[in-house]
> 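A single structure is presented below for examination.
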Amino acid sequence: MNIFAEIRTSVLETLDALVAEGRLPAGLSWGNVAVEPPRDAAHGDMATNAAMVLAKPSGRAPRDLAAELAERVVTDPRIESAEVAGPGFLNLRLAPAVWHDVVAEAVDAGGAFGHSGLGAGVKVNVEFVSANPTGPLHVGHTRGAVFGDALARLLDFAGYGVTREYYINDGGAQVDVLARSVYLRYLEAHGEAVEFADGTYPGDYLKPVGEALKAKVGDAFVGKGEQFWLEEVRDFATEAMMDLIRGDLAAIGIGMDVFFSEKSLYGTGRIETAISHLEDKGLIYVGTLEPPKGKVPEDWEPREQTLFKSTDYGDDVDRPIKKSDGSWTYFAPDIAYHYDKIARGFDELIDIFGADHGGYVKRINAAVAALSGGRVPVDVKLTQLVRLTKGGEPVKMSKRAGTFITLRDVVDEVGPDVARFVMLTRKNDAPLDFDFDKVTEQSKDNPVFYVQYAHARIRSVMRKAEAMHLDWSDDALLEDPAEFAVARKIAEWPRLVEIAAKNHEPHRVAFFLYELASEFHALWNTGNENPALRFLHENDPQATGRKIALPRAVEVVISNGLGILGVTPAEEMR
RNA sequence: GGCCCCGUAGCUCAGAGGAUAGAGCAACCGCCUCCUAAGCGGUAGGUCAUAGGUUCGACUCCUAUCGGGGCCGCCA
């Protein structure tokens, strides 16, 4: 139940009635009519802009129209009063029973409270992480991973059919580099002294892979040329790296539904099929690109290449799909990959890239628009950098020289819950400061703690209530303004879920939980001033049962919200 | 040179085209015999980078400019 949507329906019905009576002209669109929480609580519980939006097309003065609407709309028993304000707002005050019912619904619905029909029947593919299978995930990947997973959970909560997907870049030169690096570790495992030249990966994490390779093939590859072992070592090493990455993802609570191999597109005709699809639309041609403006590479010279006419779909220049030697560029399998997603019947695609891939967005948009005939929208989200600090000092490298801070480093230091929550308290396209000390601090300026603390307080109350052998009653007793304030916030939850899901913005959930926690902590303190407002009343089980419905509803929302963020609610803070 | 993102309180940041732009921190003043004070209440703090435009209405949309970051053929 989204009470805002319901009251909006009521307003629209009133408008329909005015049309039927000839008080408003026919043919008006209600599309821009909104019912929203007002910014200032003094303006009531909800406000509608209906009169202002409809004033011009209906030739009415906004305040007059608002007044007429006000007269009619109060026949809805849920609407206690309606007041014209400002330039033509209609401020609505709802009956206390509405908030009472909201609390009861939250308590009854539990984990389903806030579920939405928004995404019913819509299949959406969320592709994220997709890090090269050449090493452990580092902190940059972590943000994309957390963001993608939270977005997937959010969409799932809003009723979409969600597939989480990882694109394995196992088709390019970097997996050959990986294979050679593992081969060196393999020789090392056989007691040979090895040297890691430029263009190989020197990281320690490949040592066990070299040893595992030795255990598997013995000395079969020792002293042999690349042609004997490259392919097998590449497959072996890639699989080992994907195991490593799957482990990293699991450490922060992420499981993928599909791992899609780039390699599976080569030599199987799948790239050719996708490209021929574009060819049929006249979007593939052979040509020579202009040199890039500004900083021209030193060795630049004009080359004839096979190009995709992405400029037809808003890109700045056409993009090469074949190198001058005739082999595919990275973009070609990417086209085929997105073609495959479309063919699998997804209604919406979401790609999550690091900010350094910003230049790639337009060509992905172009490719998907061309391949799907504009049917399938794709939203490419970029996650900005994470600035790691400890006690205010920048942390850039881990102790092992030359390696980036890994996802494991972060999880080991602060735990998966803190890492996830903090990374979701920023919009994806804003840089994020992550201070190892601050994020574990137990104070109000740490939102993780603040929200968890509210939950822990409620759990404490609930445990005590259970000890009194009573259960919540859904007949909530609401008296104080602070109680109504909390109930109003709870009523906003279903609406917030829909807004966040539509905009692909899970950070809104984190901010909402902070606000809800704030309302709750305020309510908690009213119990200090006025013991009658406390949740637990030792000698009055009935009153207690009715009083704990509200904190129980808060618990439901915090728990559901943290579930979307992938954070475990805290039972206690000790 | 082009493209993308960002610019909101001293700091870190929210803000579905709506009213007098919000929160936390820092500053100042209050609240613990009390279900967890790890908390709550209050005061103060603003040219929403700048200039135009669209609109009944712009922090929000459009254009230009300034400032910060990222990216820019045969790497992925």
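Because the structure is predicted, anything quoted here is derived from the model rather than measured.
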> If U20(B) has a Watson-Crick or G-U wobble mate with both distances under 3.5 Å, name it; if not, just say none.
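Base-paired to nothing in any strand shown.
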
> Among A19(B), U36(B), G39(B), which nucleotide sits nearest the side chain of H521(A)?
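Nearest nucleotide to the side chain: G39(B).
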
> For U60(B) versus G1(B), give the span between their P atoms, rounded off to a whole number of Å.
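Between the two P atoms, the distance is 27 Å.
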
> Using the side-chain heavy atoms of E529(A), tell me which of these nucleotides is nearest: C31(B), C40(B), C56(B).
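In terms of side-chain proximity for E529(A), the closest of C31(B), C40(B), C56(B) is C31(B).
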
> Check every atom of A19(B), G70(B), U36(B) against the side chain of W524(A) and return the nucleotide holding the closest atom.
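When the side chain of W524(A) is considered, U36(B) is the closest of A19(B), G70(B), U36(B).
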
> How far apart are the C-alpha atoms of S116(A) and E498(A), what are their side-chain angles, what is the distance that settles it, and do they pass the side-chain hydrogen bond (donor to acceptor under 3.5 Å, both in side chains) test?
CA-CA 7 Å; S116(A) 166; E498(A) 293 193 352; 2.9 Å; yes

> Quick one: E441(A) CD to G24(B) C1', roughly how many Å, whole number?
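After rounding, the reported distance stands at 12 Å.
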
> With rounding to whole Å, what would you report as the distance between G10(B) and C35(B) at their P atoms?
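Rounded to whole Å, the distance is 41 Å.
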
> Would you mind telling me which residue lines up with the more 5' stretch of RNA chain B, D40(A) or Y330(A), judged by nearest nucleotide?
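That would be D40(A).
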
> Does a side-chain N or O of K56(A) approach OP1 or OP2 of U55(B) to a distance below 4.0 Å, or not?
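So the side chain of K56(A) is outside the cut-off, no N or O lying under 4.0 Å from OP1 or OP2 of U55(B).
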
> Taking the C1' atom of each, how far is C59(B) from G17(B), in whole Å?
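About 11 Å, rounded to a whole number of Å.
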
> When we call it a touch if two heavy atoms are under 4.0 Å apart, what does A355(A) touch: a base, just sugar-phosphate, or nothing?
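Sugar-phosphate contact only - A355(A) comes under 4.0 Å of backbone atoms but never of a base.
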
> Is it the case that the base of C34(B) and the side chain of R534(A) share a donor-acceptor contact (distance under 3.5 Å, atom types as modelled)?
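Present.
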
> Nearest to the side chain of D356(A) - G70(B), G22(B), C74(B)?
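Closest nucleotide among those given: G70(B).
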
> Pick the C1' atom in U12(B) and in G7(B), then give their distance to the nearest Å.
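Between the two C1' atoms, the distance is 14 Å.
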
> How far, in whole Å, is A51(B) from U8(B) if one measures between their P atoms?
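It comes out at 16 Å once rounded to the nearest Å.
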
> Look at the side chain of P320(A) and decide which nucleotide, out of C4(B), G73(B), A14(B), has an atom nearest to it.
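Selected nucleotide: G73(B).
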
> Quickly work out the N32(A) CG to C56(B) C1' distance and round it to whole Å.
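It works out to 13 Å between those atoms.
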
> Which residue, E304(A) or T48(A), contacts RNA chain B at a nucleotide closer to its 5' end, judged by nearest heavy atom?
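Residue closer to the 5' terminus by nearest nucleotide: T48(A).
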
> Side chain of L382(A) only, please: which of C40(B), C4(B), C34(B) is the nearest?
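The listed nucleotide nearest to L382(A)'s side chain is C4(B).
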
> When rounded to the nearest Å, what value does the distance between C1' atoms of G24(B) and C61(B) take?
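Straight-line distance between the two C1' atoms is 30 Å.
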
> If I pick the P atom on C6(B) and the same atom on A49(B), what distance separates them, to the nearest angstrom?
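Taking atom P in both A49(B) and C6(B), they lie 12 Å apart.
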
> Using atom CG of D334(A) as one end and atom P of C75(B) as the other, report the distance to the nearest whole Å.
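Interatomic distance, CG of D334(A) to P of C75(B): 16 Å.
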
> Counting side-chain heavy atoms from CB outward, which of A76(B), A14(B), C35(B) is closest to H507(A)?
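Nearest nucleotide to the side chain: A14(B).
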
> For atom C1', what is the distance between U33(B) and C29(B), given to the nearest Å?
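Going atom to atom, C1' in each nucleotide, I get 24 Å.
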
> Is NZ or CZ of R319(A) both nearer than 6.0 Å to the six-membered ring centre of F308(A) and within 45° of the ring axis?
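R319(A) over F308(A) ring: no.
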
> Can you check side-chain hydrogen bond (donor to acceptor under 3.5 Å, both in side chains) on D351(A) and Y167(A), steps first, answer last?
CA-CA 10 Å; D351(A) 289 0; Y167(A) 180 60; over 6 Å; no

> Which nucleotide wins on minimum distance to the side chain of R303(A), given the candidates C74(B), G39(B), A19(B)?
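The nucleotide sitting nearest to the side chain is C74(B).
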
> Mind calculating the distance between CG (N503(A)) and C1' (G17(B)) to the nearest angstrom?
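Between C1' of G17(B) and CG of N503(A): 14 Å.
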
> For the pair made of CG in D316(A) and P in G73(B), what is the distance, rounded to whole Å?
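Rounded to whole Å, this separation is 13 Å.
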
> Please determine whether a side-chain nitrogen or oxygen atom of S460(A) lies at a distance below 4.0 Å from atom OP1 or OP2 of C35(B).
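No, S460(A) has no side-chain N/O under 4.0 Å of OP1/OP2 on C35(B).
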
> Between R363(A) and C4(B), is there a side-chain N or O to OP1/OP2 distance below 4.0 Å?
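Answer no for this pair, as no side-chain N or O of R363(A) is under 4.0 Å from OP1 or OP2.
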
> Quick one: does N525(A) reach the base of A37(B) with a side-chain donor-acceptor pair under 3.5 Å?
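No pair found.
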
> Should we count CD of Q542(A) as having more than 12 external heavy atoms under 6.0 Å?
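No, because the 6.0 Å sphere around CD of Q542(A) holds 12 heavy atoms or fewer from other groups.
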
> Between K362(A) and D316(A), does any NZ, NE, NH1 or NH2 come within less than 4.0 Å of an OD or OE carboxylate oxygen?
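Salt bridge present between D316(A) and K362(A).
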
> Between R39(A) (CZ) and A23(B) (P), how many Å, whole number?
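That distance rounds to 12 Å.
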
> Does the pair K309(A)/D318(A) count as a salt bridge with the N-to-O cut at 4.0 Å?
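Salt bridge absent between K309(A) and D318(A).
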
> Which nucleotide, G15(B), A19(B), A76(B), lies nearest any side-chain atom of K427(A)?
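Of the candidates, G15(B) comes closest.
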
> According to a cutoff of under 5.5 Å between the ring centres and under 30° between the ring planes, does Y453(A) stack with the base of G39(B)?
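Aromatic stack with G39(B) absent for Y453(A).
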
> Which nucleotide, A16(B), C35(B), A76(B), lies nearest any side-chain atom of E36(A)?
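Nearest to the side-chain atoms of E36(A), counting from C-beta on, is A16(B).
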
> Could you tell me whether E555(A) and R459(A) have a side-chain N and a carboxylate O separated by less than 4.0 Å?
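Here E555(A) pairs with R459(A) in a salt bridge, since their nearest N and O are under 4.0 Å apart.
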
> In whole Å, I'd like the distance from the CE atom of M423(A) to the P atom of U12(B).
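Taking CE of M423(A) and P of U12(B), I get 19 Å after rounding.
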
> I need the CZ-P distance between F512(A) and G22(B), as an integer number of Å.
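Interatomic distance, CZ of F512(A) to P of G22(B): 19 Å.
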
> For R459(A) and U36(B), is the shortest distance between a side-chain N/O and OP1 or OP2 below 4.0 Å?
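For U36(B), OP1/OP2 do not have a side-chain N/O of R459(A) under 4.0 Å.
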
> Here's one to test your reading of the geometry: is the NZ or CZ of K323(A) within 45 degrees of the ring axis of W328(A) and under 6.0 Å from its centre?
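No.
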
